[in-house]
Every structure is written in C-alpha cells, then in structure tokens.
Amino acid sequence: MEKAIAGALRAAQEAGELPRFKIPNIPVSPPKRADQGDLSYPAMGLAKLARKKPIDIASLVLSGMPSLEFACELELAPPGFINCFISRAYLRRQVDAIIAEGESLFQLDIGSGKRAQVEFVSANPSGPITIGHTRGAVVGDAMARLLEAAGYEVQREYYYNNAGAQMIKLGKSLRLRYLERLGAAVELPAGYYQGEYLVDVAADLVAEYGDSLRDEAWQQFIALAESRMFDWIKRSLASIEIEHDAFYNETSLFETDKIWQVLHVMRENGHIYESPYWEGAAEEEIADVRAKGYQPATWFRSTSFGDEKDRVMVKSDGEPTYTLPDIAYHCDKLERGFDIAVNVLGTDHFSQAQVVKHGIRALGMDPEPIHVIFNQMVRAVRWNEDLEEYEAVKQSKRAGDFDTLDDLVAMTSADAVRYHMLARSPNSQLDFDVDQVVKQSNENPVYYIQNAYVRCAGIFREAAERGVADDGADLNLLGEDELRFIRKALELGNVIEQAVTHYEPHKIAFFAHELAAVFHPIYDRVRVLHSEVPPETAKARLRFYRAASVVFYRLLRLMGMSAPERM
RNA sequence: GCCUCUGUAGCUCAGCGGAAAGAGCACCGGUCUUCUAAACCGUUGGUCGCAGGUUCGAGUCCUGCCAGAGGCGCCA
C-alpha cells in the first residue's frame, strides 16, 4: 500500500496536479476502529508540502492508486484519510495459506543470511537462578525465537564470570559447609555465601566423596561449586524450556591473553594512562585516594567518549577489574561477525554497558551491532489484605518463598512464568503477583490463550470421532466472524517484524491475548458439529478452526509456551 | 548532584505524532439438555502526575517541576 501511495503521489506530481517535493515516509497503519478499514493512510502530513487541503490530496492519491491485490475497497475519510478494506476473497484464501505454512507461519526473510546472537541470563554460577534472572531469561529466549522467526540464524550465549573474588568466596564458603557437614563447628564470616543451598551441596559432596576432601584447599572447592551450580542453573532453565548454545567464561579471556591484547590496542590508540587517580578527579577524590595509599592503576579515558568519569581497567594490585574482560568479551563477540548482538541485562548494569560501548569505540570498532535490552527490576509480590497494598515477598533462606525460578515454577507453572515475565514492556518494573499467577481461572491470561488452542483441539477430536473432515471445504461458506479472526491473525507478520526491529519481544504476548479475545466469542457463536449446521458449512468451519489452531500454535511456540491438547 | 527508566480506570498494565483514550482483573447483572463455561454477553468506571512549548494534530516529541525505581566503586 505504501508503494501504491508513493506511486500515486509521483504520478500526480508529474501530471502537475501536485507541486514537486520529496515524498516523505508513508505512514500506513491499522486504525483503531473496524469501520475505518484494515489499513489507513493520513494525508494530512502533506498539506504543507503540497499547499493543498488534506482531503484534496487524499482524493488525488485515491484516484491515482492502482488496484491492490488484497484490497476490495478504498475509501476517503475526512479530514484526509485513505482507508483500505481487505477483500473477503483474499481473507478466505488465507485460511488455506495459513494451514499450508503450518509451524513456519509468518517465517520472515528480513534476517535471512544474517547471524544474530542473543546473550542472556549470564548469571554467575554462585547460586540459583533468581526471579530477576528469570525475567532476563524469558525475554532473551523470546527475543531469540522472534529473531529466528524473522529469518536470522541465532546463537544463544551465556557469559559468566568464574574468575573473580566472588568465586573465591564461593569456594571458601563451600569448603566450610563441607567441613561443617563432617562435624566441624564452623561459622561463615560476613560476606561469605550464607545461602542454605550450599549446605545441600555439601551434603551431596559428603555422600559422594565421604571425608576424602577434608584436606583439599578451597581452590578445589571452587571447581566443585561451579560445576554443581551450573548443573542446577541449567536444570532450572530447562524447566522453562530454555537452553543456551554456548557458554563463554571469563577465564578463557585470560588464558588466551585476549584481555591484554585489548588493553594494548586501547593503549596504542591513546586511551589508557597510569595514575593513582583519574585525570578529572576532584580534590576530595584525590585526598581520598591518598588516604587509602593507592599505587598507580591503569585507567581508560572513557570521558573521551562522553562518560562522566574515567574507569579503572587494571587495579593497582595488577588485577584487572570486571570491566576489562567485559570489553574484551564484546570485542570477541563482534569479531565473530554477528550482524546483531542482543544483550539482555538488568537495568543495574546500565553504566557498565555504556562503558563497554566506549571501550569498543576505543578499540576503533563500531559497537552498532550491539543492542542492549535493559529489563527493569522485578520482584515477587502478594496482596496484603490488612494494608490493602502489594508487598514484596521477603527473601528468605528457607524454601518456598518464591525468590528463585524453581520456586516460581513449583508454585505456578513453566507456562505461567514465561507468559507473565514476557507480558510487560522491559522498561517497566514488574511486580510478579504470585497469588494471581497461581490462580488457574479466567483471571489468568495464560490459560485464556492456551484455551483457544485447546478448544480447537477439542473440535478436531470430536470431528474425527464423527468422521467429519475438512478436505475440499468451500471457504465461501465462512462468515464475517471467521474472516474477522483471519484479518487479525494476518497482523502476526507485522507484530514479529516490529518486535524484532524494536527489540520488544513483549509485543508478541499482547498480540496473543488480543487474538484469543477475538477467538473465544467466535468459538461460542460459530459451531461446527451441531445438528443445525449443514455438512458443507461444518466442513468449512472445521477448516477455519484448523487455521486458527495453526496460528495459536505458532504464537505459543514463539513465546516458549506449551500448546496442550486438553486442559 | 548527574544519568537511565516509570507515572494512563479502584488494581495490574497496553497504546508506531493521527480519527471518539484500550485490555485484563475487581464491581454489578445475565448465559451450560450444545465441539469442556479456564468461556461468552451486558453495565459501571479517565482533568493520560503537574505546568509550559513544538505541530494542521500530543498520552506519544521538547523544557521545567513533583513522585517512585535503578545506577553513578581500584565490586562483579
């Protein structure tokens, strides 16, 4: 439609009916109300350029437009809209087209031949997957699925840190828990991992190795802790159908000297200097540094790239900060040649991500392929009757307080966790209402959507039993209700494209709910197997529900949710 | 203090600069001898935080203010 309008405008210009001007973007979009058509173009924006009334411009365009394959009716509406109504014949044809496409319905080609990477979760192996990680996990995986639907070859990657001080603490903590299990009286110092889960791991170790690890150093316990934690993390993620293709650890960047090569290039490019404090430090900061007696550290002059202050790359004790390997990692990522590298992070990593981008520029590289989705904070809440407000579910070391992915899945379901984590713009904070998600009622959109698929499956079962088939169905027997559903379903292609190009996977969740809301009333009115429905009509309707079920299946799979045959 | 995000119905939230602000839940009233009612139909509910500005047109863009969340480490 965009092309047709642009063509009509050009023709009008050449015929002298419109003055010459550069034709701007043609903003065609579906209007809010059904009587305004399926696609709409406002010509008001051209009023100034063309020095004519919007309605006159729209009229000129209308008369110059060729007939479109899918349109049966173009309509002029004040103050200057052109509304396009998709023809019923076209919609009827789509029933068969949808069924033919099946599981690859609306498989787009905007990413064909291109490679995309989604890095998500990336939690360090020091504990279970929390509710915060879960949001990143769900958003990242949905993004990956949408990129696949858009035609990209997608890699899911998990980056983790197994090098720093935190892992040392973890190893030491586990060693103490192990000794405790063997009967020693221990007390975990402040800053050690207090979580009960290490007690369980220690119990496992005793069961497996007895007391043979008694004299091992804490270093041995780091490796043990890491592998146990990862087993747990992978199992948790698998429970909501999430699996990564690659695990990339920070240690490898040290082993390959990558971080030092990166630092070298940054230095060559003149962005590195040695100093006890950063160049722009205020006197207070300088005094503070003197008081602490710091030796010179290695600084990255990130202020050259718009940062508010410079950042330490190598501490005065010779150890790199987290930032340097992070820059090296993203450098490696870009060198692997991805056309798109999506990074799903919590908003608490905002500053860090900016510094990494500055670092990439300091290497003389273009950070453009990197796109970060920042998820706002998420917390589990429940309604407090007495206070009449939501309150956060308190974090607790004891089980059953919903602060881990495992707890959430146990209390609700994998599908519910996925849907609720996805059905929100990443920009808005998420309060995960545990009680509402637990309810399996019409309050819960998860089941509302899945039930659409289930209802289709129910019809197919019954039809098979009664020997009703849909082959050779005459789709002209479909009514307005069914065509309205098809019309809405055809928006899915656009939704996928929007979700991918704007990195907004939540759009798919809202669309799924909207489509289900179109479906259910139709299911109520449009019966297939009923004594008053003529056999030929039943056949056509069965064919329609076949198409509907294909659409819902595709939607549910794009969200990583299951498509049950019955509930 | 600076940076990012948020403020839309009683609650939780959608809403690409376009036509008369949307959905779910809650509330109220109806629908099961029918392919499972986890559904459907109807009613109620709004100064889009406040104030300016840009525009033919602003919930949407800009500025300021108010309120909430997160971040501004020689932590990761």
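As a basis for the values below, the full set of heavy atoms in this structure was taken, side chains included, without hydrogen atoms, waters or symmetry mates. Letters go in sequence order (proteins before strands), and every chain restarts at 1.
Rounded to whole Å, atom P of B:U36 lies 18 Å from atom CD of A:Q450. For the pair A:Q498 CD and B:A14 C1', the computed distance is 15 Å after rounding to whole Å. What separates CZ of A:R311 from P of B:C72 is a distance of 8 Å, to the nearest Å.
Within the nucleic acid shown, A:Q354 has no heavy atom closer than 4.0 Å to any nucleic acid atom. As judged by a 4.0 angstrom heavy-atom cut-off over every strand, A:N83 is placed among the base-contacting residues. Residue-level contact check: A:H530 touches the bases, meaning some heavy atom is under 4.0 Å from a base atom. A:K309 comes within 4.0 angstrom of sugar-phosphate atoms only, judged by non-hydrogen atoms across all strands, and of no base. Within 4.0 Å (heavy atoms only), A:R424 reaches sugar-phosphate atoms of the nucleic acid but no base atom. Contact annotation for A:V526: base contact, defined as any heavy-atom pair under 4.0 Å involving a base atom. Looking at heavy-atom distances under 4.0 Å, A:H502 makes no contact with the nucleic acid at all. Nucleic acid contact for A:Y294: base, since at least one base atom lies under 4.0 Å from a heavy atom of the residue. Counting any heavy atom pair closer than 4.0 Å across all strands shown, A:P42 reaches a base atom. Within the nucleic acid shown, A:Q352 comes within 4.0 Å of at least one base atom, counting heavy atoms only.
With sequence neighbours left out, the ring-ring contact (aromatic ring centres under 6.0 Å, His included) criterion links A:H502 to no other residue.
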* Asked: In dot-bracket form, how is RNA chain B paired, counting a Watson-Crick or G-U wobble pair only if both its distances are under 3.5 Å and using | for bases paired to another strand?
  -> (((((((..((((....[...))))..((((.......))))......(((((..]....))))))))))))....
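B:G10 and B:G45 have their P atoms separated by 11 Å, with the value rounded to a whole Å.
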Listing time: all N or O pairs from protein to nucleotides 53-63 of chain B that are below 3.5 Å?
residue	atom	partner	partner atom	Å
B:C56	OP1	A:K48	NZ	2.3

Return the polar atom pairs (N/O with N/O) between nucleotides 1-11 of chain B and the protein under 3.5 Å, or none.
residue	atom	partner	partner atom	Å
B:C5	O2'	A:Q376	NE2	3.3
B:C5	O2'	A:N427	O	2.4

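The glycosidic torsion of B:C27 lies more than 90° away from 0, which places this base in the anti conformation.
Using a 4.0 Å cutoff on non-hydrogen atoms, the parts of residues 314-322 of chain A near RNA chain B are A:K315, A:S316, A:T321, A:Y322, ordered by number. The stretch residues 461-471 of chain A comes close to RNA chain B through A:E462, A:R466, each having a heavy atom under 4.0 Å from the strand.
For the pair A:R546 and A:F460, the cation-pi criterion (under 6.0 Å, within 45° of the ring axis) is fulfilled.
Closest approach to the A:V289 side chain among B:C74, B:C40, B:C35 is made by B:C74 (side chain taken as heavy atoms from C-beta onward). Nearest nucleotide to the side chain of A:Q166, out of B:C75, B:G24, B:A37: B:C75.
Phosphate contact (OP1/OP2 of B:C16, side-chain N/O of A:K507, threshold under 4.0 Å): absent. Distances shown here put a side-chain N or O of A:Y448 below 4.0 Å from the OP1 or OP2 atom of B:C40.
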